[in-house]
Visitor: 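Take this structure, written in structure tokens, and hold onto it; I'll ask about it next.
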Amino acid sequence: MGIKPTSMSMRFLITTAAIILFSCQAMAQQFSSHAVKVGETVYSIARLYKVNPADILKYNKEIAEGDVLRPNTILVIPLDAKVLSANDSIALQEKAALENQEKPVTFTMHKVKKKETIFSIAQRYNVSEEDIKRYNTELYADQLKKGMRLRIPEYRKGEVVKDSILPEELETYTVLPKETRWSIAHKYGITIDSLLALNPELSDGTSFLAEGQQLKLPKIAGSSLEDQNVQLYISYTVPPKKTLYSLSQEYKISSQDIVRLNPEISENGGLKEGMVIRLPQTKAADNEVNTDNFIFYEVKPKQTVYSLTRNLGIDYNQLLELNPDLSKGLKAGMVLKLPKDKTGSLEVKNSLILDKINLLDSIQSTNKPKLIYLLPFRTDKLDLDDIESATDAIARSNAISYSLGLYSGALVALDSISELGISVDVKTFDTQLSPDKTRQILQREDLQGVSAIVGPLQLNSLKEVAVKAANSNVPVIAPLASSSDFELENVFFSIPSDQVLRERMLGYVEETMTDQNIIIISDAKNKPVSEQIREKFPVAKSVELQEDEENISLDLEVFANLLSIEAENWVFVETDNFKVVSSVSSILNSSNSDTTKVRMFTTNKNKAFENDVISGAHLSNLNFTYPSVYKEITNNAFVRRYRERFGADPDRYAVRGFDLTFDLLLKLAYKLNLFEVSNIIGVTEYCGNKFDYENELSSGYYNTASYIMMYQDMRITQVSPEP
């Protein structure tokens with residue numbers, strides 16, 4: 001069934017298409033666009049593109065020389081403008097010299113003590129004297145005095161300095177069945193960061209390890225995990241002013257061995273306050289630690305024993321028995337093991353207990369996601385000078401309607417994330433529903449540093465994009481359901497498959513039913529579905545539809561004999577023929593009476609159930625219940641923001657575009673690695689969609705989150721409480 005946009009919704013669709021078309025035309029005229037990043041100025045952008053700042057100002061009338069540019073502002077860059085002369089280039093470099101300086105991530109306050117000097121303070125915080133003066137300008141005129149409060153800049157992690165670890169200083173560990181990174185981390189008392197630093201070949205996309213896989217782990221002379229008395233470790237949070245020397249004296253281990261045990265010390269430029277490292281402790285070997293026996297939990301900063309035991313539903317003595325290191329105190333970064341039945345109210349994914357993280361409270365403003373959208377807007381087929389023609393073209397193309405709706409919602413999500421202080425670099429391309437066009441875009445785009453790609457829609461193009469993106473370890477978000485013949489580990493299928501929805505529906509019925517009489521009505525095409533329902537509910541009764549070349553009908557006498565007057569009748573209708581839905585729902589509605597109660601279900605609410613000939617009143621009377629990837633939305637903040645920007649109400653495509661993009665950006669703002677964050681984040685939910693990506697080894701990530709919806713009192717509502 002085609003999409004029928006209203007005139008108001010068409011206006012914003014055409015406006016969105018016009019924006020995209022302008023971008024395409026601008027590129028043909030030797031123009032480019034640039035999304036302003038935090039801290040950028042006209043001069044730094046001019047230097048980046050090797051053009052004159054005056055030409056940027058000429059084509060962007062909304063800004064003036066000296067203006068502070070707002071992040072995410074889109075500027076037009078005239079690539080065919082006069083290229084800077086050598087003298088101009090030198091002058092521009094001099095003018096922008098200060099802008100080239102690295103910007104601090106944050107500041108630490110320092111109160112000057114007696115006999116301290118600028119030099120000693122600079123040495124303590126590993127910054128230059130000029131850095132301190134730059135952010136405490138009074139020091140250019142006045143002497144340093146006791147009691148002064150100074151702002152000490154903290155910068156991003158610098159270039160990694162690799163520590164030289166000889167092969168003989170490492171031991172090779174062979175992964176046992178059912179082991180994961182978490183179980184090995186617990187067995188060795190090692191942090192995940194150290195494990196990854198010593199084994200860079202490990203994929204960021206999964207926490208699974210293959211049986212027999214060999215890992216490199218640091219060892220201390222004379223110790224081995226194969227000994228009866230093995231050398232295990234405690235987690236230690238570095239306090240202020242702690243040095244490698246003082247640690248070596250306290251724990252009777254050389255500074256070199258501390259660095260070898262904790263390669264992240266070298267990668268972070270030395271021992272830092274707050275760093276979680278491991279230090280040796282001798283104790284007897286534990287029983288085999290694997291995912292058959294245990295689940296695992298990583299201790300978070302500021303957690304207490306009280307909050308931990310309460311959340312995990314286990315008392316301290318039990319926890320201590322399984323994790324003797326707790327006798328030294330609870331430390332952030334510790335990996336604790338628990339029996340499989342001790343999860344409390346928390347979710348477990350990949351054998352790791354997940355915390356209910358509030359992403360809005362956990363974003364890191366220093367993370368700057370970089371997204372690419374590949375969608376078939378078909379601007380090559382739209383004549384935007386002829387509104388009637390463009391309207392007709394959009395109405396006839398589901399691909400265009402879906403893409404424009406999805407992208408319009410994404411634009412609102414980008415606005416929302418910007419207000420949270422996150423700068424996003426976005427590139428949008430029109431694939432024109434052409435594999436060749438998609439291939440051309442891929443050939444000219446450098447995917448290094450890209451956080452995620454959204455799209456394209458066609459399966460063959462999606463495969464091609466995913467293969468190239470995998471070479472740069474870039475995740476690809478598929479705005480469609482999974483396909484059984486498509487398995488690539490970097491693809492996130494954002495829409496649950498029909499089978500996932502079916503299993504959710506059957507699970508709901510199984511958990512809520514008591515003594516109901518279950519009846520299945522299905523056509524020949526859906527016979528496998530009927531058999532799956534019968535397998536789940538062996539006592540279910542079936543009615544076969546009578547099919548011939550011209551008609552499909554239900555034997556009313558057979559059906560009437562299956563109805564119960566003692567128990568409520570739950571009837572599954574499985575078909576993709578709207579005539580069958582219309583006829584059967586009418587029959588069920590007429591059978592529903594004071595003496596005979598009938599409720600209608602389906603495991604797949606396809607387009608047949610949305611046809612105009614289907615009576616909404618009948619479905620409401622029957623409390624028609626079905627699984628869905630989408631729930632109806634109300635007049636919330638997103639709807640109001642959408643109306644303000646586009647002058648129309650969002651359709652479900654726009655809602656999905658907002659939810660998908662906002663979820664993606666919040667996760668990337670929390671941790672700039674979608675593979676890693678998806679392994680530690682559970683269910684997330686927004687306006688009309690929710691997400692819970694399950695990682696299936698080597699075959700991608702699949703969204704398994706869905707809703708159970710029901711027609712009731714002429715409205716569609718979410719079934720509550722859900723199982």
Side-chain angles (χ1 to χ4, degrees), residues 3 5-6 8-13 15-17 19-20 35 72 74 358-360 363 369 371-375 377 398-428 451-457 475 477-481 492-496 628-670 674 677-678 681 683-693 703 705-707 718:
I3 306 297
T6 65
M8 186 173 291
S9 65
M10 190 58 60
R11 183 180 7 168
F12 82 76
L13 289 176
T15 301
T16 308
I19 294 171
I20 298 163
N72 300 315
I74 305 299
N358 185 336
L359 289 174
L360 283 171
I363 58 178
L371 302 184
I372 292 178
Y373 282 83
L374 298 173
L375 296 171
F377 300 104
N398 283 338
I400 300 177
S401 296
Y402 184 85
S403 298
L404 293 177
L406 191 80
Y407 192 65
S408 65
L411 291 176
V412 177
L414 288 165
D415 289 343
S416 301
I417 204 73
S418 175
E419 291 183 358
L420 296 175
I422 301 299
S423 177
V424 185
D425 184 359
V426 181
K427 286 187 176 180
T428 304
S451 306
I453 299 173
V454 180
L457 294 187
I477 314 301
L480 39 79
F492 286 71
F493 292 101
S494 62
I495 299 181
S628 176
V629 302
Y630 174 81
K631 70 174 182 180
E632 302 296 323
I633 64 171
T634 56
N635 185 21
N636 57 20
F638 161 67
V639 173
R640 293 190 294 272
R641 183 186 287 266
Y642 192 91
R643 287 172 183 160
E644 181 179 347
R645 176 158 187 171
F646 295 110
D649 286 341
D651 60 13
R652 65 173 57 189
Y653 297 155
V655 176
R656 182 156 199 85
F658 173 83
D659 288 351
L660 187 151
T661 300
F662 199 56
D663 177 68
L664 175 61
L665 290 174
L666 280 180
K667 288 175 177 174
L668 292 173
Y670 169 63
L674 190 62
V677 75
S678 295
I681 295 293
V683 179
T684 53
E685 183 174 4
Y686 304 95
C687 294
N689 302 268
K690 56 183 175 179
F691 306 90
D692 185 16
Y693 290 104
N703 184 14
S706 60
Y707 300 96
Q718 181 182 351

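On a predicted model such as this, the values are computed, not experimentally measured, just so you know.
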Visitor: In chain order, what residues pass the side chain to side chain contact (heavy atoms under 4.5 Å, CB included) check against Ala478, with sequence neighbours excluded?
Guide: Leu462, Leu480, Val491, Phe493

Visitor: Kindly write out the residues that satisfy side chain to side chain donor-acceptor pair (under 3.5 Å) with Glu419, not counting sequence neighbours, or none if the list is empty.
Guide: Arg641

Visitor: Rounded to the nearest 0.5 Å, what separates atom CG in Leu666 from atom CD1 in Ile363?
Guide: 7.0 Å

Visitor: To the nearest 0.5 angstrom, please state how far the CG atom of Asn703 sits from the CG atom of Asn689.
Guide: 8.5 Å

Visitor: My understanding is that only residues two or more places apart in sequence, or in another chain, count here; which of them pass side chain to side chain contact (heavy atoms under 4.5 Å, CB included) with Val639?
Guide: Ile633, Asn635, Asn636, Arg643, Asp649, Pro650

Visitor: In sequence, state the C-alpha distance, the side-chain angles, and the governing distance for Phe638 and Val412, and then conclude on side chain to side chain contact (heavy atoms under 4.5 Å, CB included).
Guide: CA-CA 8 Å; Phe638 161 67; Val412 177; 3.8 Å; yes

Visitor: Between Leu374 and Val454, is a side chain to side chain contact (heavy atoms under 4.5 Å, CB included) present by the stated rule, with each step listed?
Guide: CA-CA 6 Å; Leu374 298 173; Val454 180; over 6 Å; no

Visitor: I'd like to check the ring pair (Phe, Tyr, Trp, His ring centres under 6.0 Å) partners of Tyr630; sequence neighbours left out, ordered by chain and number.
Guide: none

Visitor: Which atom pair, heavy atoms only, marks the closest approach of Pro479 to Ser494?
Guide: CA-OG, 3.5 Å

Visitor: Where is the tightest heavy-atom contact between Phe492 and Ser678, given as atom of each residue plus distance?
Guide: CE2-OG, 3.3 Å

Visitor: Check Leu668 against Ser451 and note the closest heavy-atom contact, atom names and distance.
Guide: CD1-CB, 3.7 Å

Visitor: To the nearest 0.5 Å, what is the distance between OG on Ser706 and CD1 on Ile495?
Guide: 12.5 Å

Visitor: Taking the side chain from Ser408 and the backbone from Leu404, do they hold a donor-acceptor pair closer than 3.5 Å?
Guide: yes

Visitor: Which class fits the ring pair Phe658 and Phe662: parallel under 30°, tilted 30 to 60°, perpendicular over 60°?
Guide: parallel

Visitor: If we ignore angles and hydrogens, is there a donor and acceptor under 3.5 Å between the side chains of Ser401 and Tyr653?
Guide: no

Visitor: For Lys690 and Val683, indicate whether the former's side chain and the latter's backbone hold a donor-acceptor pair under 3.5 Å.
Guide: no

Visitor: Working to the nearest 0.5 Å, report the span between CG of Leu371 and CG of Leu414.
Guide: 7.0 Å

Visitor: Which residues pass the salt bridge (charged side-chain N to carboxylate O under 4.0 Å, His left out) test with Asp659, not counting sequence neighbours?
Guide: none

Visitor: Is Phe646 close to Leu411 at the side-chain level, that is, under 4.5 Å between some pair of heavy atoms?
Guide: yes

Visitor: List the steps and the verdict of side chain to side chain contact (heavy atoms under 4.5 Å, CB included) for Arg652 and Glu632.
Guide: CA-CA 8 Å; Arg652 65 173 57 189; Glu632 302 296 323; 4.1 Å; yes

Visitor: Tell me the closest heavy-atom pair linking Ala399 and Leu457, and the distance in Å.
Guide: O-CD1, 4.3 Å

Visitor: Would you give the length of the straight line joining atom CG of Leu420 to atom CG of Leu665, rounded to the nearest 0.5 angstrom?
Guide: 10.0 Å

Visitor: Residues in side chain to side chain contact (heavy atoms under 4.5 Å, CB included) with Thr684, at least two apart?
Guide: Leu359, Asp663, Lys667, Ile681, Tyr686, Phe691

Visitor: Mind checking what makes side chain to side chain donor-acceptor pair (under 3.5 Å) contact with Tyr373, not counting sequence neighbours?
Guide: Thr661

Visitor: Which residues pass the salt bridge (charged side-chain N to carboxylate O under 4.0 Å, His left out) test with Glu685, not counting sequence neighbours?
Guide: Lys631

